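In this text the structure is predicted, and so the values were computed from the model without any measurement.
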Amino acid sequence: MSLLDRIIALTNAIEDRVASADWAGATGLDLERRELLRDLFATQPDAARDGTARAILEQLRARLLRFLARLARG
């Protein structure tokens, strides 16, 4: 499984944990996801410029923004 695949899987799991109000679980997974993102850019500094990787990262960013907007609304 590639780093991007693992990042997406963690994003799905984080969203599931938040939906069930498991904040501690979501936080732990988010910390793991952040570490993988650091690894991705450390090993593939051009990942945000690559077509496939860029599209996936943009999708993750959009999901995060939608998620934060839902949290802000309560």
Side-chain angles (χ1 to χ4, degrees):
M1 180 181 288
S2 74
L3 279 173
L4 282 173
D5 291 334
R6 291 169 54 201
I7 291 165
I8 291 169
L10 282 169
T11 299
N12 294 334
I14 291 166
E15 290 173 350
D16 290 344
R17 296 285 171 95
V18 170
S20 64
D22 178 3
W23 303 110
T27 300
L29 293 174
D30 183 54
L31 291 172
E32 186 178 343
R33 179 178 61 180
R34 290 174 190 227
E35 189 66 33
L36 292 179
L37 284 164
R38 275 191 291 273
D39 291 347
L40 174 68
F41 289 109
T43 60
Q44 302 172 43
D46 291 330
R49 292 186 194 104
D50 177 51
T52 303
R54 181 184 174 112
I56 291 170
L57 292 169
E58 286 176 355
Q59 174 194 18
L60 290 173
R61 180 179 172 272
R63 286 173 69 178
L64 177 60
L65 291 175
R66 283 192 305 272
F67 176 73
L68 291 174
R70 279 185 292 189
L71 285 178
R73 287 191 302 264

Problem set entry | side-chain hydrogen bond (donor to acceptor under 3.5 Å, both in side chains): pairs with one or both residues in residues 61-74, sequence neighbours excluded | Asn12-Arg63, Glu15-Arg63

Problem set entry | From Glu35 atom CD to Asp30 atom CG, the distance as rounded to the nearest 0.5 Å | 12.0 Å

Problem set entry | Heavy-atom pair with the smallest gap, counting every atom of Ala26 and Ile14 | O-CG1, 4.0 Å

Problem set entry | Approximate separation, where rounding is to 0.5 Å, of Leu60 CG and Leu64 CG | 8.5 Å

Exercise. Hey, any chance Leu29 and Trp23 share a hydrophobic cluster, counting ILVMFWY side chains that come within less than 4.5 Å of each other, even indirectly?
Worked result: yes

Exercise. Who pairs with Gln59 by side-chain hydrogen bond (donor to acceptor under 3.5 Å, both in side chains), at least two apart in sequence or on another chain?
Worked result: none

Exercise. What residues form a side chain to side chain contact (heavy atoms under 4.5 Å, CB included) with Asp5, not counting sequence neighbours?
Worked result: Met1, Ser2

Exercise. Is the side chain of Asp22 donor-acceptor paired with the backbone N or O of Gly25 at a distance under 3.5 Å, no angle test?
Worked result: yes

For this session: Looking only at non-hydrogen atoms, find the nearest pair between Leu57 and Ala48 and report the distance.
Result: CD1-CA, 4.0 Å

For this session: Quick one: list whatever passes side chain to side chain contact (heavy atoms under 4.5 Å, CB included) with Asp16, sequence neighbours left out.
Result: none

For this session: Tell me, please, which residues at least two apart from Arg17 pass side-chain hydrogen bond (donor to acceptor under 3.5 Å, both in side chains).
Result: none

Exercise. What's the spacing between Asp39 CG and Arg6 CZ if we round to 0.5 Å?
Worked result: 7.5 Å

Exercise. Which residues satisfy the side chain to side chain contact (heavy atoms under 4.5 Å, CB included) test with Arg54, sequence neighbours excluded?
Worked result: Glu58

For this session: Any chance you could measure Arg33, atom CZ, to Ile7, atom CD1, to the nearest 0.5 Å?
Result: 8.5 Å

Seminar exercise, completed: dist Phe41:CZ -> Leu36:CG (nearest 0.5 Å) comes out at 12.0 Å

